[in-house]
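Start at 1 and go down the list; that is how both ligands and their atoms are numbered. Just so it is clear, the values below take in all heavy atoms, side chains as well, and ignore hydrogens, waters and symmetry mates.
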Amino acid sequence: MNLNKNYENLEQSYLFSTIAKKVNEFVSKNPDKKIIRLGIGDVTKPLCKSVVNAMHKAVDEMSVQESFRGYGPEQGYDFLRISIQKYYSQKNVTLELEEIFISDGAKSDLGNILDLFDKDNTVLVPDPVYPVYVDTNIMNGRKVVFANANSENEFLPLPDTNIKADIIYICSPNNPTGAVYNKAQLKTWVDYANSNNAIILFDSAYECFISDPELPRSIYEIEGAKTCAIEFCSLSKTAGFTGTRCGYTIVPNDLGKLNKMWLRRQTTKFNGVPYIVQRGAEAVFTEEGLKEISENLAYYKENAKIISETMKECGIWFVGGKHSPYIWLKCPNNMSSWEFFDYLLENAQVVGTPGAGFGKNGEGYFRLTSFGSKENTVEAMERFKKLFK
Ligand SMILES: *Cc1c(COP(=O)(O)O)cnc(C)c1O
């Protein structure tokens with residue numbers, strides 16, 4: 001038996017354990033100080049009423065002989081695929097049902113999709129980046145190159161025609177930076193991919209945070225995307241499904257063999273998302289459901305606005321915060337990411353995430369999130385103003 005040696009090439013991530021250790025040390029020395037966590041990368045609002053009612057109803061169905069369900073279709077129930085098809089048609093994107101695959105979340109599919117691609121492909125990921133893209137490719141032994149996101153390109157790198165990439169990751173609105181590509185910028189990626197016979201793996205987990213109708217919420221709003229892009233989306237951030245687990249992946253027929261290959265992969269290695277969860281997900285896309293989730297999204301977006309306004313008042317450079325729950329700021333006084341982390345903890349008891357943890361271009365930057373309570377966000381920003389205004 002030989003082990004997969006690629007695992008030895010994974011970099012250990014100490015980001016969140018180091019944060020926890022530093023916070024615990026501070027708390028044990030200063031038990032009377034109130035810590036405010038603005039580093040949360042998870043939703044905090046409960047599931048909306050429509051979702052809960054639909055899941056209750058589905059549980060009742062499962063308890064009765066006549067309506068009990070066992071294995072469902074691996075690619076998801078049609079009732080949910082039809083709701084997603086309708087949801088896309090509202091964005092002027094037409095999808096065939098067979099192009100929509102229901103999953104237990106975007107993270108698993110972003111990793112699993114790599115089953116369809118050869119080891120010899122070159123992978124292009126932005127830096128800073130959601131670590132899943134890099135690590136899943138390292139596990140497979142693929143070569144990863146980076147597209148530099150930085151203050152000059154407002155953390156929205158565009159294709160470099162000197163680099164020949166086969167698999168390209170794009171996340172917009174972005175985690176960790178909150179930056180969003182406009183249609184013209186995404187078009188340059190689509191054109192690059194089509195002319196290089198490359199595939200774009202488009203992560204649209206935060207599409208729901210976009211409020212400007214001019215900004216693309218799906219890559220298929222861009223002409224030519226159906227011949228070069230797979231889209232991954234999730235109800236996690238949209239509807240608070242981080243613990244409930246449901247997402248969907250779009251593999252267009254125009255990608256040739258890929259649609260049938262993905263179906264084969266899923267029917268072989270996956271047995272579907274629970275019926276109860278899919279009924280809950282279906283409820284998200286009803287008129288009532290969409291209205292209810294928009295109230296939660298508005299709450300997070302209000303927090304993001306409070307943080308953004310504070311950065312402006314303090315003259316701190318940042319991106320994000322408008323169509324995203326993330327605010328990506330330049331550490332004041334040229335502090336490094338971890339220096340700023342320590343400084344904020346000591347002087348304001350506010351906890352965020354050092355940008356250096358997301359890649360080398362993250363050094364000198366810092367991520368704040370809007371998933372906290374409004375009261376805490378306001379208080380944290382008052383403390384910010386005392387230090388930096
Ligand atoms: C939260 C998040 C997801 C969603 O993952 P799930 O597995 O669906 O919970 C996907 N991509 C990014 C960048 C995220 O931050």
Under 4.0 Å to a heavy atom of Gly105 - the qualifying atoms of ligand 1, by number: 7 (O), 8 (O)
If the condition is side-chain contact (heavy atoms from CB on, under 4.5 Å), which residues does Ser294 pass it with, not counting sequence neighbours? none
Quick test: of every protein heavy atom, which one is nearest to atom 14 (C) of ligand 1, and how far off is it to 0.1 Å? Lys237 NZ, 3.2 Å
For ligand 1, is there an N or O atom under 3.5 Å from any N or O atom of Asn175? yes
For atom 9 (O) of ligand 1, the closest protein heavy atom turns out to be Ser236 OG, 2.6 Å
So for Tyr206, does at least one of its heavy atoms come nearer than 4.0 angstrom to any atom of ligand 1? yes
Quick one: nearest non-hydrogen protein atom to atom 7 (O) of ligand 1, plus distance? Arg245 NH2, 2.7 Å
Please verify whether a non-hydrogen atom of Gly247 lies at under 4.0 Å from ligand 1. no
Sub-4.0 Å atoms of ligand 1 with respect to non-hydrogen atoms of Lys107: 5 (O), 6 (P), 7 (O)
Tell me whether ligand 1 is touched by Asp203 - counting only heavy atoms on the residue side and a distance under 4.0 Å. yes
Donor-acceptor pair, Asn153 side chain versus Asn148 backbone, under 3.5 Å? yes
For ligand 1, which atoms, with element, lie under 4.0 Å from some heavy atom of Ala205? 3 (C), 10 (C), 11 (N)
Using distance alone, determine whether Ala106 and ligand 1 share an N or O pair under 3.5 Å. yes
Under 4.0 Å from a heavy atom of Cys171: give me the atoms of ligand 1 that qualify, with their elements. 13 (C)
Decide whether a cation-pi geometry holds between Arg279 and Phe79; the criteria are a distance under 6.0 Å from NZ or CZ to the six-membered ring centre and an angle within 45° of the ring axis. yes
Apply salt bridge (charged side-chain N to carboxylate O under 4.0 Å, His left out) to the pair Asp60 and Lys57, showing each step before the final yes or no. CA-CA 5 Å; Asp60 290 339; Lys57 194 165 153 257; over 6 Å; no
For Ser234, the atoms of ligand 1 under 4.0 Å from one of its heavy atoms are 4 (C), 6 (P), 8 (O)
Given Tyr206 and Tyr326, is the side-chain hydrogen bond (donor to acceptor under 3.5 Å, both in side chains) satisfied, shown in steps? CA-CA 10 Å; Tyr206 296 94; Tyr326 300 121; 2.7 Å; yes
Between Asn137 (side chain only) and Arg142 (backbone N and O only), is there a donor and an acceptor less than 3.5 Å apart? no
Are the side chain of Glu154 and the backbone N or O of Ala179 linked by a donor-acceptor pair below 3.5 Å? no
Using modelled atom types and a 3.5 Å cut-off, is there a donor and acceptor pairing between side-chain atoms of Ser108 and backbone atoms of Ser103? no
Tell me whether the count of non-hydrogen atoms from other residues, nucleotides or ligands lying under 6.0 Å of NZ in Lys322 goes above 12. no
